[in-house]
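In this text, all values refer to a predicted model and were calculated from it rather than measured experimentally.
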Amino acid sequence: MSTDAVGPLLVVSAHAGDFVWRAAGAIALAAERGDRAKVVCLSYGERGESARAWREGKGLEEIKALRRAEAEAAAAELGAEIEFLDAGDYPLLETPELVDRLVRIYREFEPSVVLTHTLADPYNGDHPAAARMAMQARVLAQAIGYDAPGEPLGAPPVFFFEPHQPEQCEFKPDVLLDITPVFERKRKAMECLPAQVHMWEYYTDLAKRRGVQLKRNAGPNLGLPHETMAEAYVRVYPQTTGVLA
């Protein structure tokens, strides 16, 4: 995934906050390039990722509305479109109907790049469920005989964004994305999610650590700023290229 790639960016997020912590930098970079960026939230994270609201005595529909408003504000901060499928969480159930909805989104949006969760996460089954559906929908959207509006999809590369517990999720990044120019937008987007305020500093610190790794792998004397910030990804399918670089 390079910063000069051109084309729509699609992010498939299990819950309403996941895209912010894990991919807000990539989203903001796409928007600043003038590319469309779209987030699909399969659920609001109303049951499993809204503990503060439950403890405050809020009800289910009130929590859904709260999380929706937070995610909409974060997406606006990043310059992204956002769509909610309200499929429920804890558990997020994989269904043919939900996969079909994603196929239709793929066909309509025609992404050049797709970001989603890892296929392993022993702490949260909703995350790999979202990833499996995102990848299955991509395959089906490519099939000329699949019954959905639009033309068959091409083959957009898929990247897994970093989970909260990477070592336990078989996450070994092979792409480090420099988000230094847009990190303040990511931070502002994170601050749109007070339901998970404990995550703000965690993901700020993580961006700093990944920035150190980016500088180390970029080689010496490239003029990268001291406070380089980065996001880490795993590329799922092989890169196609005419030049090894």
Undergrad: Would you find more than 12 non-hydrogen atoms of other residues, nucleotides or ligands less than 6.0 Å from Lys188 atom NZ?
TA: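 No, the 6.0 Å shell around NZ holds no more than 12 heavy atoms from other groups.
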Undergrad: Could you walk me through whether Leu9 and Ile27 satisfy the side chain to side chain contact (heavy atoms under 4.5 Å, CB included) test, starting with their C-alpha distance in whole Å, then the side-chain angles of each, then the deciding distance to 0.1 Å, before giving a yes or no?
TA: CA-CA 7 Å; Leu9 173 70; Ile27 295 167; 4.1 Å; yes
Undergrad: Nearest 0.5 Å, what's the CD-CD1 distance between Glu110 and Ile105?
TA: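 Here the interatomic distance stands at 14.0 Å.
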Undergrad: For the hydrophobic clusters of this structure (ILVMFWY residues joined by side-chain heavy atoms under 4.5 Å, transitively), does one cluster hold both Leu206 and Val175?
TA: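 Linked, Leu206 and Val175 end up in one cluster.
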Undergrad: Would you find a donor on one side and an acceptor on the other, under 3.5 Å apart, between the side chain of Asp86 and the backbone of Leu42?
TA: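 Pair absent, no side-chain N/O of Asp86 close to backbone of Leu42.
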Undergrad: Around atom CD of Gln165, are there more than 12 heavy atoms of other residues, nucleotides or ligands at under 6.0 Å?
TA: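 Result for CD/Gln165: enclosed.
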Undergrad: Under a 3.5 Å distance rule, please check whether Trp200 uses its side chain to pair with a backbone N or O of Pro194 as donor and acceptor.
TA: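 It does not hold such a pair.
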Undergrad: Evaluate Glu227 against Lys208 for salt bridge (charged side-chain N to carboxylate O under 4.0 Å, His left out), listing each step before the verdict.
TA: CA-CA 7 Å; Glu227 289 297 328; Lys208 291 178 182 178; 5.1 Å; no
Undergrad: Please step through side chain to side chain contact (heavy atoms under 4.5 Å, CB included) for the pair Met199 and Met190, ending with a clear verdict.
TA: CA-CA 8 Å; Met199 306 278 259; Met190 289 195 291; over 6 Å; no
Undergrad: Using modelled atom types and a 3.5 Å cut-off, is there a donor and acceptor pairing between side-chain atoms of Asp126 and backbone atoms of Tyr90?
TA: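 Indeed, once roles are kept as given, a pair shorter than 3.5 Å links the two residues.
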Undergrad: Is there a donor-acceptor contact under 3.5 Å from the side chain of Asp178 to the main chain of Ala230?
TA: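 Not at all, since once roles are kept as given, no pair shorter than 3.5 Å links the two residues.
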Undergrad: So, the side chain of Arg138 versus the backbone of Pro156: is there a donor-acceptor pair under 3.5 Å, distance only?
TA: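 It does hold such a pair.
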Undergrad: Find out whether Ile82 and Phe19 are in side-chain contact, i.e. whether some heavy atom of one side chain is under 4.5 Å from a heavy atom of the other.
TA: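 Yes, side chains in contact.
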Undergrad: May I ask you to test the Pro122-Gln168 pair for a side-chain heavy-atom distance under 4.5 Å?
TA: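 A side-chain contact under 4.5 Å exists here.
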Undergrad: Please report the shortest heavy-atom distance between Phe159 and Tyr233, naming the atom on each side.
TA: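 In this case the closest contact between Phe159 and Tyr233 is CB-CD2, 4.0 Å.
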Undergrad: Would you say Thr180's side chain and Met229's backbone share a donor-acceptor pair under 3.5 angstrom?
TA: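 Side chain of Thr180 to backbone of Met229: a pair is present.
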Undergrad: Give a yes or no on whether the backbone of Glu77 and the side-chain of Arg185 come within a donor-acceptor separation of less than 3.5 Å.
TA: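 The answer is yes, because a donor-acceptor pair under 3.5 Å joins these two groups.
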Undergrad: How far apart are the closest heavy atoms of Gly45 and Ser50, and which atoms are they?
TA: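 Shortest heavy-atom separation between Gly45 and Ser50 comes out as O-OG, 2.8 Å.
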Undergrad: Let's go through Leu102 and Val40 carefully: what are the C-alpha distance in whole Å and the side-chain angles of both, what is the deciding distance for side chain to side chain contact (heavy atoms under 4.5 Å, CB included) to 0.1 Å, and is it a yes or a no?
TA: CA-CA 9 Å; Leu102 286 173; Val40 177; 4.1 Å; yes
Undergrad: May I ask you to decide whether Glu61 forms a salt bridge with Arg68, counting only side-chain N to carboxylate O separations under 4.0 Å?
TA: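 No salt bridge links Glu61 with Arg68.
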Undergrad: How close do Ala28 and Val182 get, heavy atom to heavy atom, and via which atoms?
TA: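 That closest heavy-atom pairing would be CB-CB, 3.7 Å.
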Undergrad: Atom OG1 of Thr204 and atom CH2 of Trp21: how far apart are they, to the nearest 0.5 Å?
TA: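 Rounded to the nearest 0.5 Å, the OG1-CH2 separation comes to 9.0 Å.
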Undergrad: Would a line drawn from the ring center of His164 to the ring center of Tyr203 be shorter than 6.0 Å?
TA: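 That pair passes the under 6.0 Å test.
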Undergrad: Side chains of Tyr146 and Asp100: is there a donor and an acceptor less than 3.5 Å apart?
TA: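 Asp100 and Tyr146 do have a side-chain donor-acceptor pair below 3.5 Å.
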Undergrad: For Glu108, is there an ion pair with Arg104 - N to carboxylate O distance below 4.0 angstrom?
TA: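 Looking at Arg104 and Glu108, the cut-off is not met.
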Undergrad: Taking the side chain as everything from C-beta on, heavy atoms only, tell me whether Leu60 gets closer than 4.5 Å to Trp54.
TA: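 A side-chain contact under 4.5 Å exists here.
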Undergrad: Any sub-3.5 Å donor-acceptor pair from Asp18's side-chain atoms to His15's backbone N or O?
TA: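 Looks like yes, one N/O pair under 3.5 Å.
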Undergrad: How many angstroms lie between CG in Leu66 and NZ in Lys58, if you round to the nearest 0.5 Å?
TA: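 Result: 6.5 Å between the selected atoms.
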Undergrad: Does the side chain of Val158 come within less than 4.5 Å of Val113's, by heavy atoms?
TA: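 With C-beta onward as the side chain, the pair stays apart.
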Undergrad: Hydrophobic clustering (ILVMFWY, side-chain heavy atoms < 4.5 Å, transitive) - are Val20 and Leu177 grouped together?
TA: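 Yes.
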Undergrad: Please report the closest heavy-atom contact between Ala232 and Phe171, naming both atoms and the distance.
TA: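 Closest approach of Ala232 to Phe171: O-CZ, 3.6 Å.
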Undergrad: Nearest 0.5 Å please: distance from the CD atom of Glu97 over to the CG atom of Leu85.
TA: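 Reported to 0.5 Å precision, the distance equals 13.0 Å.
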Undergrad: How far does CD of Glu81 sit from CD of Glu72, to the nearest 0.5 angstrom?
TA: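 Output value for this atom pair is 13.0 Å.
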Undergrad: Distance only, no hydrogens: is a donor on one side chain within 3.5 Å (strictly under) of an acceptor on the other, for Gln213 and Arg216?
TA: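 No pair is found: no donor N or O on one side chain lies under 3.5 Å from an acceptor on the other.
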Undergrad: Are Cys41 and Val39 packed together at the side-chain level, in the sense that at least one heavy-atom pair is separated by less than 4.5 angstrom?
TA: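 Side-chain contact under 4.5 Å: yes.
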Undergrad: Verify the ring-centre separation between Tyr44 and Phe84: is it less than 6.0 angstrom?
TA: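 Ring-ring flag for Phe84/Tyr44: true, centres closer than 6.0 Å.
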Undergrad: Just checking, any donor-acceptor pair under 3.5 angstrom between side chains of Glu49 and Asn124?
TA: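 Per modelled atom types, Glu49 and Asn124 side chains form a pair under 3.5 Å.
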Undergrad: Without swapping roles, check the side chain of Glu231 against the backbone of Gly25 for a donor-acceptor pair under 3.5 Å.
TA: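 Yes.
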Undergrad: Shared ILVMFWY cluster between Val139 and Val236, side chains joined below 4.5 angstrom?
TA: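 Different hydrophobic clusters.
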Undergrad: Take a 6.0 Å sphere around CG of Asp147 and say whether it holds more than 12 heavy atoms from other residues, nucleotides or ligands.
TA: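 Check fails, neighbour count at 12 or below.
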Undergrad: Please assess Glu151 against Arg107 for the test salt bridge (charged side-chain N to carboxylate O under 4.0 Å, His left out), listing each intermediate value before the final yes or no.
TA: CA-CA 6 Å; Glu151 294 298 316; Arg107 288 267 183 98; over 6 Å; no
Undergrad: Can any side-chain N or O of Thr95 pair as donor or acceptor with the backbone N or O of Leu98 at less than 3.5 Å?
TA: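 The answer is yes, because a donor-acceptor pair under 3.5 Å joins these two groups.
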Undergrad: When the ring centroid of Phe160 is compared with that of His117, is the distance short of 6.0 Å?
TA: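 Centroid distance Phe160-His117: not below 6.0 Å, so no.
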Undergrad: Find out whether Pro8 and Phe109 are in side-chain contact, i.e. whether some heavy atom of one side chain is under 4.5 Å from a heavy atom of the other.
TA: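 Side chain of Pro8 against side chain of Phe109, heavy atoms only: contact under 4.5 Å found.
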Undergrad: So which heavy atom on Glu46 is nearest to which on Gly88, and how close?
TA: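 Closest approach of Glu46 to Gly88: OE2-CA, 3.7 Å.
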Undergrad: Distance from Cys169 atom SG to Glu162 atom CD, nearest 0.5 Å?
TA: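 Going from the SG atom of Cys169 to the CD atom of Glu162 covers 9.5 Å.
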Undergrad: Indicate if Val12 and Leu119 have the same hydrophobic cluster label, given that clusters are the connected sets of ILVMFWY residues with side-chain heavy-atom separations under 4.5 angstrom.
TA: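 Yes; tracing contacts between hydrophobic side chains, which count when under 4.5 Å, links both residues.
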Undergrad: Can you tell if the side chain of Val197 reaches within under 4.5 Å of the side chain of Arg52, non-hydrogen atoms only?
TA: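 Side-chain contact under 4.5 Å: yes.
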Undergrad: Which pair of non-hydrogen atoms, one from Ala16 and one from Ala71, has the smallest distance, and what is that distance?
TA: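 Looks like O-CB, 3.5 Å.
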Undergrad: Going hydrophobic residue to hydrophobic residue with side-chain gaps under 4.5 angstrom, can you get from Leu78 over to Val114?
TA: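 The answer is no; the residues belong to distinct hydrophobic clusters.
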Undergrad: Where do Glu70 and Arg67 land on the salt bridge (charged side-chain N to carboxylate O under 4.0 Å, His left out) test, with the steps shown first?
TA: CA-CA 5 Å; Glu70 290 180 357; Arg67 297 310 308 272; 3.1 Å; yes
Undergrad: Run Val234 and Thr118 through side chain to side chain contact (heavy atoms under 4.5 Å, CB included) and show every step you take.
TA: CA-CA 9 Å; Val234 168; Thr118 54; over 6 Å; no
Undergrad: Is any side-chain heavy atom of Leu92 less than 4.5 Å from a side-chain heavy atom of His127?
TA: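 Answer no - side chains too far apart.
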